[in-house]
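To find a chain, count down the sequence lines: A is the first, B the second, and so on, and within it residues start at 1. Everything quoted here is computed from the prediction, not taken from an experiment.
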Protein chains: 2
Amino acid sequence: MSTAQGAMGARARARIEVTAAIKDEARGQLAAEGAAKLSLRAVARELGMTSSALYRYFPSRDDLLTALIIDAYNSLGHAAEVAYEAAADTGPARRWTVVCEAVRDWALAHPHEYALIYGSPVPGYTAPQDTVPAAARVAYVFVGILRDAHRGAGLAKPALPADLRPEAHRMAADLAPDLPPEAVTALVAAWAELFGLVGFEVFGQFNRVVEDREAFFRHAAERLAHAAGLVFS
Amino acid sequence: MSTAQGAMGARARARIEVTAAIKDEARGQLAAEGAAKLSLRAVARELGMTSSALYRYFPSRDDLLTALIIDAYNSLGHAAEVAYEAAADTGPARRWTVVCEAVRDWALAHPHEYALIYGSPVPGYTAPQDTVPAAARVAYVFVGILRDAHRGAGLAKPALPADLRPEAHRMAADLAPDLPPEAVTALVAAWAELFGLVGFEVFGQFNRVVEDREAFFRHAAERLAHAAGLVFS
DNA sequence: GTCTATAGGCGGATAGAC
DNA sequence: GTCTATCCGCCTATAGAC
């Protein structure tokens with residue numbers, strides 16, 4: 001209890017605030033220069049501190065990067081969870097669309113953080129295992145939707161060719177042992193395809209191709225729901 | 001005719017060779033450091049020339065980057081076209097799968113060039129219009145497949161909600177006026193979704209999730225063919 | 001926790017000689 | 001076309017004083 005908010009010393013509070021300020025400024029630089037060029041010195045300069053002082057908060061550039069990645073995954077995961085909860089009284093298919101739109105909205109609002117977690121890997125940087133739980137949050141929202149549908153008997157079993165059967169069972173055992181492997185396999189594909197749609201929009205591949213992107217995306221997301229086995233009632 | 005290969009002077013030939021060497025070395029650096037950190041100096045150092053000499057071939061770092069981007073788009077487009085031709089005597093649905101697999105193979109063989117054209121945009125760089133024709137090549141291979149199917153009456157009209165109808169007609173008029181807008185719309189979505197699958201694999205999002213990626217991809221690509229309106233006969 | 005100073009690099013781009 | 005020299009900037013990271 002000595003570490004609870006109320007009992008926190010001024011020192012500890014200051015540390016948290018400075019840490020947050022560093023991450024905020026670093027996020028700003030992400031936009032201007034990209035993750036590959038994220039520089040502790042530039043962050044320090046902008047914050048009016050010396051670069052060496054920053055090393056007391058983040059022992060290296062990569063640690064700062066890791067913190068930003070975890071924050072981004074959590075921010076996206078949180079947005080998806082909130083959308084899921086907000087659509088709690090609708091059917092799974094509708095919930096799917098709402099969560100997809102939340103993912104898209106988040107990505108459009110945070111393009112550089114989106115690039116950080118779903119864009120090209122940062123050369124020379126390998127994400128530590130700490131990022132995995134945060135990264136899994138969005139995915140598990142979609143698993144939850146499938147589970148809802150399964151409970152309500154609103155989950156179809158998509159077709160599955162014989163050569164994919166072993167892999168399907170392996171994935172289902174890993175991700176959602178309570179769901180049919182056919183549906184889990186279809187979900188994984190739909191998950192990647194969803195981020196294909198979002199990535200193309202965020203990274204500008206739809207420029208001069210798709211104009212009414214909102215309507216286009218809504219329709220595509222609904223088709224993905226079908227592909228994942230969700231039944232519109 | 002004075003610029004034809006046979007009549008080319010030693011000077012011109014040397015220029016072409018050096019230009020190619022520069023681009024090759026730059027592609028190597030793309031892998032090591034990423035596009036954001038592509039450095040004319042480092043390329044020159046590795047080639048045993050001075051940095052200033054390089055400016056005679058590429059007036060700036062961004063021009064070198066543009067050349068690499070165009071090359072990458074053309075390389076991918078060429079791979080797709082070759083796969084298309086090779087499958088000329090099969091049905092459109094089969095041809096679709098073959099081209100999808102060619103795209104995936106190319107991406108896995110050239111991950112850094114893939115990142116250059118379909119990954120996060122390079123901060124501070126905006127691609128000139130010169131890249132557009134090269135970028136369109138892959139897309140037009142897919143349009144060609146749809147056209148083949150349309151001629152053979154093997155093209156279904158996917159459903160289209162009313163609010164997407166204007167956009168669908170606009171896209172069809174732009175991309176393929178001879179094809180049904182429903183199919184063109186579905187194709188654009190499938191196109192983005194395909195690159196979502198490929199990108200997730202190339203960028204490592206499938207690590208510890210999908211093991212048998214080839215079988216997984218083949219099945220997903222076939223489902224995309226269906227979504228785009230292709231009928232398996 | 002913050003500073004100065006320092007080591008030992010790196011970069012883009014240009015001028016002017018040959 | 002290639003070189004040297006140069007301008008002016010940038011970076012990660014550490015040591016040691018306060």
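- The distance between atom CG of L54(B) and atom C1' of dT14(C), rounded to the nearest whole Å, is 15 Å.
- In this structure, L47(A) places its CG atom 15 Å from P of dG1(C), rounding to the nearest Å.
- Contact check, R41(B) against dC10(C): no side-chain N or O comes under 4.0 Å of OP1 or OP2.
- The side chain of S39(A) places no N or O atom within less than 4.0 Å of a non-bridging phosphate oxygen (OP1 or OP2) of dC10(D).
- Among the nucleotides dT14(D), dT6(D), dC3(C), the one closest to any side-chain atom of Y55(A) is dT14(D).
- Rounded to whole angstrom, the span from the CG atom of L40(B) across to the C1' atom of dA13(C) amounts to 9 Å.
- Applying the salt bridge (Lys or Arg N to Asp or Glu O under 4.0 Å) criterion to E214(A), with sequence neighbours excluded, gives no partner residue.
- Here CZ of R223(A) is found 12.5 Å from OG1 of T97(A). Values are rounded to the nearest 0.5 Å.
- A salt bridge links D71(B) to R27(B): one of the charged nitrogens lies within less than 4.0 Å of a carboxylate oxygen.
- Both R56(A) and R45(A) sit near DNA chain D, but only R45(A) has its closest nucleotide nearer the 5' end.
- Not a single donor-acceptor contact under 3.5 angstrom links the side-chain atoms of T50(A) to the base of dT4(C).
- We find that CD of E33(B) is positioned 12 Å from C1' of dG11(C), with the value rounded to whole Å.
- Counting non-hydrogen atoms under 4.0 angstrom, Y57(A) reaches the backbone sugars and phosphates but no base.
- Salt-bridge formation is not detected for the pair E101(A)/R104(A): no Lys NZ or Arg NE/NH1/NH2 atom is positioned less than 4.0 Å from an Asp or Glu carboxylate oxygen.
- Contact annotation: S52(B) side-chain N/O to dC3(D) OP1/OP2 distance is not under 4.0 Å.
- Under 3.5 Å, the side chain of R61(B) and the base of dG12(C) form no donor-acceptor pair of N or O atoms.
- For D174(B), there are no side chain to side chain donor-acceptor pair (under 3.5 Å) partners two or more places apart in sequence or in a different chain.
- Within 4.0 Å (heavy atoms only), L38(B) reaches sugar-phosphate atoms of the nucleic acid but no base atom.
- Taking for each of G48(B) and S60(A) the nucleotide of DNA chain D with the nearest heavy atom, the 5'-most of the two is the partner of G48(B).
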